[in-house]
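I have placed the structure first, in the form of structure tokens, so that the comments after it can refer back to it.
All residue numbers in this chain count up from 1 along the given sequence.
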Amino acid sequence: MNEIVHEQEDLSEISISGHDEEEEDDATDDADSENSSFPLLSIEEIVSKLRELASSEDLQRKEMDELKSQFYRSIRNETAEQKAKFLANGGEEIDFVPEELPLYTEGKELLAKIKEKRAQIQAREEAEKEQNVAKKLAIIEQIKQLTENPGQEDFNKTYQEFRLLQQQWNDIKLIPQAKANELWKSYQLYVERFYDLVRINNEFREYDFKKNLELKTELCEAAERLDEEPDVISAFHQLQNLHQQWREIGPVSRKDREEIWNRFKEASNKINKKYQAHFEEIKLQENENLEKKTAICEQLESIDYSALTTQKAWREQLDKVLALQDEWRKIGYVPKKWNSKIYERYRAACNIFFEKKNQFQKSIRDELDENLRKKTALCEQAEALKDSKDWRTTTQEMIRIQKEWKEIGPVPRKFVDSLWQRFISACDYFFEQKKLSSSSHLAEEQNNLEAKKAIIEKINNIDPQLPIDEASALLHQLIEEWHNIGHVPFKQKDTIYSDFYEATEAQFNRLNIDKGDRKLQSYRNSISDMAKSDNGRGQLLREREKLMRQYDRMKNELQTYENNLGFLSVSSKKGNNLIDEMNQRVKRLRSDLDLLIKKIDAIDKEL
């Protein structure tokens, strides 16, 4: 009797879980592919391969997805580089608009074309799958007919028909996944019936069982090797191919059937558990990512805009927001059902921040423009003063406008460097010229000191044998020379003048020169020094004005005394004494008026 064959294999026992191809196809275009073994390509290479795929009918999903991922990553990198250059050139982040290069435009068009072609291919495959279901149902019906009418008269012919039907069955590849297991069970049922019901030749039967056992043993070994595959996703997909091959191989002998199936199922379970654990880990990570992104949204939503009242405060807050955005980009995916919601929440919070920042910028733009006007005016003042040689007055003015510059608020960012450079250049130029002038001025003052010492020496050494007129003329000449010499070092000023005064006074006493002349000479000395000082002309004019007021007052006073003298009686003794006193007063006033006139003349000569 022929052995009755009835395999108990049921592939539905093996759990096949995880994301299907449709879910994987929904992944975002910028999916991270750092762990891929696919080589990193330049944008030119990517577009070149996309052209090949667009013109090909054999669209490999894995290759196309990897090219798509690298293409959008290249776009991000190019956009980041453009943005970095834009910001480095002084641009505002909110004003940045990326420029799309021709290669990226072509790449997007190619991806759209490939997507459309894939949809067409998929539609054809779905139609083909439904046709294949009908074909496989027809094969099952034919095998069923063979089991019911085994054709015992010519077994070889029946067996050849059966093998041909098996070959036809195996040649049909594409069928709907949902119907695969049911079709396979029905097919396997009638295949087993064929082997069980037909009195097959032992030689054929044993050979077939043996061959099928060898093939299934190889599949078991292949499934067991998948346990060492580091790429869990790849191992899972390879396992699906092995299961398809298992279905296509016929039954084995009853004694080996359970053992070989348990071995294959055990190896399959290991891969499925790893695959399931992998997606559990992804799910856990996605939940953690959701918590992180939710925390970022909460931070953005909790910004206290009422406290952002200055440019500095907005800049500090902007740095924090940009840091949060950078952190957001580094966080991976969240669960698919939350992806749109959390992103919309994040985008809304960011939009509120930048809208309020723009409103603030708009509100202070007038202030920035006014500050620009004020600082531009200070630049013009500094530039007008930079060539001045009035070191003392201009220095004070420069210090004043520098202080005023510090008190003025900020200007528009694009003018900050150029305006500051303009201002500081004018200031630096003036102070550099002052420094150079001071160096030569100090040398000149030292020479003046030595010259004045020489004149003092000459005054002290006037020959006492000279007649008084010649000695007096020489003394006045030396005094004139003294006053014609410029400034001496400030620290030596009082000492050298004291020596000069003592020397001239000694000669005045020796020559018995009138004290009025001495006063006039001393005054001439003082206004000569005044004329050589900073703003000397202004000081001389103020001194002359003061003397003129004194002159008018004293002249009025003299007129009063002269009028009073006319009314006094000369008969009384008391009247005589008063008249004498008033005459003395009138004499002194006239002498003082004469000295004032000489002083005014001396000032006029200096002017």
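With hydrogens and angles ignored, the 3.5 Å screen pairs no side-chain donor or acceptor of Q433 with any backbone N or O of K386. Checked by atom type and distance alone, the side chain of S69 never pairs as donor or acceptor with a backbone atom of D65 at under 3.5 Å. For the pair S186 (side chain) and E182 (backbone), a donor-acceptor distance under 3.5 Å is absent. A donor-acceptor pair under 3.5 Å is absent between the side-chain atoms of N212 and the main chain of V252, judged by distance alone. With N371 contributing its side chain and P410 its backbone, the two residues share a donor-acceptor pair below 3.5 Å. Looking only at distances, no side-chain donor or acceptor of S74 sits under 3.5 Å from a matching main-chain atom of Q70. Using modelled atom types, no side-chain atom of N132 and backbone atom of I172 make a donor-acceptor pair closer than 3.5 Å. Without hydrogens or angle criteria, D326 side chain to L322 main chain gives no donor-acceptor distance under 3.5 Å. Using a distance-only test at 3.5 Å, with no hydrogens or angles considered, no donor-acceptor pair links the side chain of K270 to the main chain of E224.
Other residues, nucleotides and ligands contribute at most 12 non-hydrogen atoms within 6.0 Å of the CD atom of E266. The environment of CD in E93 is crowded: more than 12 heavy-atom neighbours from other residues, nucleotides or ligands sit within 6.0 Å.
The shortest non-hydrogen separation linking G107 to L50 is O-CD1, 4.1 Å. Smallest separation of non-hydrogen atoms from K357 and E92: NZ-OE1, 4.2 Å. In this structure, F430 and S388 approach most closely via the heavy-atom pair CE1-O, 3.7 Å. For the residue pair I139 and L165, the shortest heavy atom distance occurs at CG2-O, 3.8 Å. For A307 against A313, the heavy-atom pair with the smallest separation is O-CB, 4.3 Å. Taking both residues in full, the closest heavy atoms of I342 and W328 are given as O-CH2, 3.7 Å, listed atom of the first, atom of the second, then distance.
Looking only at atom types and distance, the side chain of E344 has no donor-acceptor partner in the side chain of S340 under 3.5 Å away. Inspection of the E281 and Q285 side chains reveals no N or O donor paired with an N or O acceptor under 3.5 Å. Side-chain contact check for Q160 and R163: no donor-acceptor pair (N or O, by modelled atom type) lies under 3.5 Å.
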Stepwise, does the salt bridge (charged side-chain N to carboxylate O under 4.0 Å, His left out) test hold for E404 with R400? CA-CA 6 Å; E404 185 177 346; R400 182 192 68 77; 2.9 Å; yes
Using side chain to side chain donor-acceptor pair (under 3.5 Å), reason through S302 and E298 one step at a time and then give a plain yes or no. CA-CA 6 Å; S302 66; E298 291 172 351; over 6 Å; no
Output, in order, the C-alpha distance, side-chain angles, deciding distance and verdict of side chain to side chain donor-acceptor pair (under 3.5 Å) for D171 and Q167. CA-CA 6 Å; D171 290 340; Q167 183 62 44; 2.9 Å; yes
Between W169 and W184, does the ring pair (Phe, Tyr, Trp, His ring centres under 6.0 Å) criterion hold? Intermediate values first, please. CA-CA 10 Å; W169 175 276; W184 183 83; 9.1 Å; no
Worked check of side chain to side chain contact (heavy atoms under 4.5 Å, CB included) between N269 and K265: CA-CA 6 Å; N269 286 339; K265 185 170 68 171; 3.8 Å; yes
Verify side chain to side chain contact (heavy atoms under 4.5 Å, CB included) between Y346 and Q325, making sure each step is shown before the conclusion. CA-CA 9 Å; Y346 163 75; Q325 288 185 330; 3.1 Å; yes
Apply salt bridge (charged side-chain N to carboxylate O under 4.0 Å, His left out) to residues K330 and E327 and explain how you reach the verdict. CA-CA 5 Å; K330 293 177 181 177; E327 183 180 348; over 6 Å; no
Side chain to side chain contact (heavy atoms under 4.5 Å, CB included) between Y333 and I282: does it pass, once the steps are laid out? CA-CA 9 Å; Y333 295 111; I282 290 177; over 6 Å; no
Does E248 form a side chain to side chain donor-acceptor pair (under 3.5 Å) with Q244? I'd like the steps, not just the answer. CA-CA 7 Å; E248 295 169 357; Q244 182 60 35; 3.2 Å; yes
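At a threshold of 4.5 Å between non-hydrogen side-chain atoms, the residues F96 and L87 do not count as touching. A 4.5 Å side-chain heavy-atom check between V411 and T376 finds every atom pair outside the cut-off. In this structure the side chain of D387 reaches within 4.5 angstrom of the side chain of Y429, judged on heavy atoms. Counting heavy atoms from C-beta on, the side chains of T79 and Y104 never come closer than 4.5 Å. Contact check for Q142 versus E161: no side-chain heavy atoms found under the 4.5 Å cut-off. Within the 4.5 Å cutoff, the side chain of L189 has no heavy atoms near those of the K185 side chain. The shortest side-chain heavy-atom distance between F279 and E286 does not fall under the 4.5 Å cut-off. Inter-residue side-chain proximity for K356 and W314 is flagged as met; some heavy-atom pair is nearer than 4.5 Å.
Residues meeting the side-chain contact (heavy atoms from CB on, under 4.5 Å) test with R51, sequence neighbours left out: V47, S48, L103, E106, L110. Every residue two or more places apart in sequence or in another chain that forms a side-chain contact (heavy atoms from CB on, under 4.5 Å) with V232 is listed here: K274, Y275, H278. In this structure, the side-chain contact (heavy atoms from CB on, under 4.5 Å) partners of A180, at least two apart in sequence or on a different chain, are I175. Residues forming a ring pair (Phe, Tyr, Trp, His ring centres under 6.0 Å) with W338 (at least two apart in sequence, or on another chain): none.
Note: L300 CG to Q317 CD = 8.5 Å, rounded to the nearest 0.5 Å. Taken from SG in C379 to CD1 in I424, the straight-line distance is 10.0 Å, to the nearest 0.5 Å. Remark: K210 NZ to D256 CG distance equals 12.0 Å, nearest 0.5 Å. In this structure, CD1 on I249 lies 11.0 Å from CG on D208, to the nearest 0.5 angstrom. Rounded to the nearest 0.5 angstrom, D369 CG and F415 CZ are separated by 8.0 Å. The structure places CD of E192 at 10.5 Å from OH of Y187, a figure rounded to the nearest 0.5 Å.
Ring pair Y305/F353 is tilted by interplanar angle, where 30° to 60° counts as tilted. Between W246 and F264, the ring planes lie parallel to each other; the angle is under 30°, not in the 30° to 60° tilted range.
Within the structure, the salt bridge (charged side-chain N to carboxylate O under 4.0 Å, His left out) test picks out the following pairs touching residues 122-143 (sequence neighbours left out): E57-R124, E126-K129, E130-K179. Listed by first and then second residue, the salt bridge (charged side-chain N to carboxylate O under 4.0 Å, His left out) pairs involving residues 299-312 are E301-R345 (not counting sequence neighbours).
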